[in-house]
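Computed from a prediction, not measured in an experiment: that's the story for all the values here.
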Amino acid sequence: QVQLVESGGGLVQPGGSLRLSCAASGRTFKAYAMGWFRRAPGKEQEFVAAISPSGIGTLYQDSVKGRFTISRDNAKNTVSLQMNSLKPEDTAVYFCAARDSPLPLRSASQYDYWGQGTQVTVSS
């Protein structure tokens with residue numbers, strides 16, 4: 001069983017930056033692929049980024065490539081999402097997810113554990 005707690009959301013102006021963090025419980029964190037997803041108002045949940053257990057393999061949604069960076073610290077059981085050059089369309093609730101497998105994937109249905117989410121609002 002893995003419990004995930006996100007933090008770092010908030011209100012930021014367009015062009016600004018935020019860093020989301022996800023703290024995971026459990027001794028097997030280093031074996032899990034991790035992902036970030038988001039749900040904007042009135043829209044379906046969408047994939048943002050994912051990372052392999054080693055941190056070497058990463059995946060990104062096309063709209064965030066070059067602006068967002070996913071990383072992890074297995075010693076601290078954390079995964080982070082650095083978000084730069086934020087746009088109003090990035091406004092959403094962001095969720096951290098863990099997959100009981102070393103392969104990071106884009107499909108939310110492939111993830112086994114989820115956090116409660118953290119709100120990110122990009123507005124002037």
Side-chain angles (χ1 to χ4, degrees):
Q1 188 75 12
V2 176
Q3 292 185 329
L4 305 172
V5 179
E6 303 95 335
S7 62
L11 173 65
V12 63
Q13 292 186 343
S17 298
L18 278 176
R19 186 177 180 87
L20 304 183
S21 293
C22 174
S25 65
R27 288 173 288 182
T28 57
F29 173 79
K30 62 182 180 180
Y32 288 86
M34 300 295 296
W36 284 97
F37 293 79
R38 66 187 181 187
R39 184 184 297 122
K43 296 187 178 181
E44 294 187 354
Q45 187 178 63
E46 64 176 0
F47 169 78
V48 176
I51 189 166
S52 65
S54 67
I56 294 176
T58 57
L59 294 173
Y60 293 95
Q61 184 199 107
D62 286 347
S63 69
V64 307
K65 281 182 180 178
R67 300 189 298 122
F68 291 10
T69 302
I70 188 171
S71 61
R72 65 190 295 162
D73 186 336
N74 288 340
K76 296 182 178 179
N77 280 17
T78 58
V79 61
S80 298
L81 186 68
Q82 178 66 42
M83 305 186 295
N84 298 328
S85 302
L86 283 161
K87 305 175 180 180
E89 51 263 44
D90 295 317
T91 295
V93 178
Y94 283 71
F95 299 89
C96 172
R99 183 165 187 261
D100 191 3
S101 165
L103 185 63
L105 295 177
R106 300 174 185 269
S107 173
S109 64
Q110 300 295 319
Y111 286 77
D112 303 291
Y113 306 101
W114 292 82
Q116 293 299 307
T118 185
Q119 176 70 47
V120 171
T121 303
V122 185
S123 175
S124 55

Going by heavy atoms in the side chains, are [X] and [Y] under 4.5 Å from each other?
X	Y	value
Leu86	Phe68	yes
Thr91	Gln119	yes
Pro104	Ile51	no
Gln82	Ser71	no
Leu4	Met34	yes

Requested in this report: For Ser123 and Thr121, test the side chains for any donor-to-acceptor distance below 3.5 angstrom and give the result as yes or no.
Outcome: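 Absent: no donor and acceptor within the cut-off.
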Query raised in the report: So which pairs with a foot in residues 4-18 pass side-chain hydrogen bond (donor to acceptor under 3.5 Å, both in side chains), sequence neighbours left out?
Result: Ser17-Asn84
N/O donor-acceptor pair under 3.5 Å between [X] side chain and [Y] backbone:
X	Y	result
Arg106	Tyr60	yes
Ser25	Gln3	yes
Asn74	Ser54	no
Asp112	Asp100	yes
Thr78	Ala23	no
Arg72	Ala33	no
Arg67	Ser85	yes

Check the hydrophobic clustering (I, L, V, M, F, W, Y; side-chain heavy atoms under 4.5 Å; chains of links allowed) and say if [X] and [Y] are grouped together.
X	Y	answer
Val64	Leu18	yes
Phe47	Trp36	no
Val79	Tyr113	yes
Ile70	Leu59	no
Val93	Val122	no

Query raised in the report: Mind checking whether Phe37 and Tyr111 have parallel, tilted or perpendicular rings, split at 30° and 60°?
Result: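 Phe37 vs Tyr111 ring planes: perpendicular.
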Minimum heavy-atom separation for [X] to [Y], with atom names?
X	Y	answer
Ser52	Ile56	OG-N, 3.4 Å
Ala98	Tyr32	CB-CD2, 4.2 Å
Asp73	Phe29	O-CE2, 4.1 Å

Query raised in the report: Which residue pairs pass the disulfide (SG to SG under 2.5 Å) test with at least one member in residues 21-124, sequence neighbours excluded?
Result: Cys22-Cys96
Query - Residue pairs, two or more places apart or on separate chains, that pass salt bridge (charged side-chain N to carboxylate O under 4.0 Å, His left out) and touch residues 33-55 - result: Arg38-Glu46, Arg38-Asp90
